[in-house]
Amino acid sequence: MSDFPLSTVRHSAAHLMAAAVQELYPDVRFDIGPATEDGFYYDFDMEHRLTPEDLKKIEKAMKKMMGKKVPFETSEMTREDAEKMLKENNQDYKLVRLSEIPEGEKITFYTCGKFIDLCRGPHVEHTGQIGAVKLLSIAGSYFHGDEKNPMLQRIYGTAFKSKEDLNAHLQMVEEAKKRDHRKLGQELDLFSVSDNVGPGLVLWHPKGAFIRHTFESYWKDEHYANGYELMYTPHIGRSILWQTSGHLDFYKENMYAPMEIDENEYFVKPMNCPFHIEIYKSRLRSYRELPCRWAELGTVYRYEASGVLHGLLRARGFTQDDAHIICTPEQVEDEIAEVLRFSLNIWKTFGFKEIKPYLATMPEKSVGDPERWQKALGALENAVKKAGLECEMDEGGGAFYGPKIDLKVKDAIGREWQTTTIQFDFNLPERFDMTYIGEDGLRHQPYMVHRALFGSIERFFGILVEHFAGAFPVWLAPVQAKILPISEKQLDYAKKVCAEMRQAGLRVEVDERPAKIGAKIKDARHERLQYMLVVGDSEMANGTCSVRSRREDQLGELKISDIIAKISDDVDKKI
RNA sequence: GCCAAUGUAGCUCAGUUGGUAGAGCAAUUCACUCGUAAUGAAUAGGUCAGCGGUUCAAAUCCGCUCAUUGGCUCCA
């Protein structure tokens with residue numbers, strides 16, 4: 001085993017792959033092949049369109065070279081020689097890359113067998129030191145990441161120092177596939193998307209709707225308990241609203257087309273903010289009533305490019321768990337710290353323990369004077385400190401109207417999801433001319449903070465499905481327990497127990513099918529049920545159920561009142 | 001939107017070189033009355049994504065459209 005960094009191994013694997021591709025398709029022109037977070041890729045352009053079959057061939061060629069321990073050799077060239085060589089080999093993409101290397105920097109090439117590549121390095125010493133590789137998929141990618149440029153063919157692969165590491169990674173990928181919310185959503189009958197309704201528009205089935213209802217109720221209760229007020233606003237609004245907000249100037253192509261009513265144009269809302277601002281402006285506001293903490297589960301529609309839609313994680317219609325905090329400049333830091341504290345609490349309730357904030361700064365295209373940006377950034381930084389968190393910087397990642405804090409949460413199998421966003425906004429208070437009367441009797445412009453905890457209800461639900469792998473905790477589960485009679489002889493008893501437990505407020509069902517107990521258990525497990533209550537002759541005689549739990553396996557025969565107490569306890573603990 | 005792949009029963013998938021469809025699971029009915037991951041039998045279920053073309057003949061070949069998947073770009 002080599003002691004090179006994994007990224008070096010992967011970068012070398014990318015070169016090795018390029019060498020294999022060149023061997024098989026001599027007309028290939030290369031772009032770049034870097035290591036990524038969990039593998040590597042290389043971008044090519046050539047006549048031949050790659051197929052999955054080709055990946056096998058390329059991988060085979062790579063493995064052959066790994067066995068031969070082909071050395072990676074470096075050489076330095078003058079810019080002129082490099083240019084001449086690339087031109088001779090018709091490597092036009094590489095020529096562009098060469099021209100991007102700053103004057104005075106060394107120009108180095110790495111050779112691996114017959115393949116020579118403009119590259120900064122470093123690499124492993126020979127191909128034998130690339131422990132284990134696997135080619136994964138073919139994709140298209142724009143040269144330079146610019147959609148105006150021609151599209152190249154990209155091969156994704158991954159490499160590890162050992163076969164064991166590679167297998168562990170592939171297993172992890174399999175696990176993620178099993179948890180895919182689109183697959184589980186269909187299997188568990190949670191939601192669907194219909195061609196007749198339209199892409200990116202989600203239909204919530206009864207079970208999915210129940211889970212949504214439950215966490216929305218929790219969300220509402222927590223907001224009322226933490227000083228928020230809830231609001232409802234319409235789904236459409238006149239064009240004047242979107243002209244004022246700036247959406248029609250900047251984002252019209254992402255909005256659904258307008259409808260004309262009584263000679264006015266109405267747009268389906270892509271955001272809730274303008275509506276909340278109209279509520280603010282419905283009368284004169286005093287500093288005494290600030291901060292306003294206004295929240296809404298607001299359903300918005302955005303015309304997303306068809307290629308970006310992805311189940312619930314990226315939809316065209318979705319419900320933001322939106323809130324706007326309108327406050328004085330003096331209040332803003334405490335308000336943001338409070339939003340952070342509140343968010344962390346909510347995430348922990350759902351079993352997300354690791355949460356990391358990212359502080360996003362001024363982007364190239366922005367509004368508002370830099371001094372304000374600096375002050376706002378300082379407020380955000382202080383708020384993060386007050387919340388006792390360490391944050392990472394996302395330079396230039398802010399919205400055009402202000403800096404923001406994003407939270408990334410880690411799920412049950414360690415994947416990170418970008419969820420909560422807390423955004424400063426200099427733009428809208430000014431555009432909508434929002435004011436309040438200060439202590440001095442004069443008009444002032446308030447600060448405005450946008451925040452969404454879950455981001456969107458749809459996206460959050462998708463993340464929850466994957467986090468729990470479909471096995472929802474009892475407080476969220478649409479069915480908390482299923483009673484499984486051994487035979488139809490116990491059916492009446494089963495129904496009686498079911499009625500009793502429902503009286504106690506639990507969500508219980510009876511499996512009434514004339515099937516064997518083994519089949520009923522199998523199906524209940526497939527439904528990811530937390531509790532299975534088996535009833536046969538002896539349970540019927542004793543007034544009990546034999547309890548089998550997903551978490552603790554066999555719990556033995558328990559009295560109905562004890563079962564009710566146990567499940568209720570789970571609900572209270574939110575497990 | 002762009003590159004590529006895919007679309008056959010509710011679900012998962014077969015379907016050879018073109019000769020107009022098949023399995024398992026699920027569903028329904030009947031029998032069985034069963035002790036912790038699949039009881040048996042029978043029945044029903046399809047404009048092969050849609051439209052057009054080639055052909056004596058198309059699920060199969062070609063074109064367009066729609067949708068999905070993997071990426072790219074995008075995500076106010």
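What you see is a predicted model; the values in this text were computed from it and never measured. What you see below is based on every heavy atom in this structure, not just the backbone, and it leaves out hydrogens, waters and symmetry mates.
- One can place CD of Glu539(A) at 12 Å from P of rG35(B), the figure rounded to the nearest angstrom.
- The OH atom of Tyr41(A) sits 14 Å away from the P atom of rG71(B) (whole-angstrom rounding).
- As the counterpart of rC30(B), rG40(B) is assigned, both hydrogen-bonding distances of the Watson-Crick or G-U wobble pattern falling under 3.5 Å.
- When the P atom of rG40(B) is taken as reference, atom NZ of Lys516(A) falls 8 Å away, rounded to whole Å.
- A salt bridge (charged side-chain N to carboxylate O under 4.0 Å, His left out) with Asp117(A) holds for exactly one of Arg97(A), Lys94(A), Arg29(A); it is Lys94(A).
- Of the C1' atoms belonging to rU20(B) and rA59(B), the separation is 9 Å, rounded to the nearest Å.
- In this structure, Asp523(A) places its CG atom 18 Å from P of rC11(B), rounding to the nearest Å.
- Here Thr299(A) contributes atom OG1 and Ile457(A) contributes atom CD1; the two are 8.5 Å apart, rounded to the nearest 0.5 Å.
- Atom CD of Glu488(A) is separated from atom P of rA31(B) by 10 Å (rounded to the nearest Å).
- Ring planes of Trp347(A) and Phe460(A): perpendicular class, angle over 60° (limits at 30 and 60°).
- Between Phe400(A) and Tyr251(A), the two ring planes are tilted [angle within 30° to 60°].
- Rounded to an integer number of Å, the gap from CD of Glu187(A) to P of rC11(B) is 13 Å.
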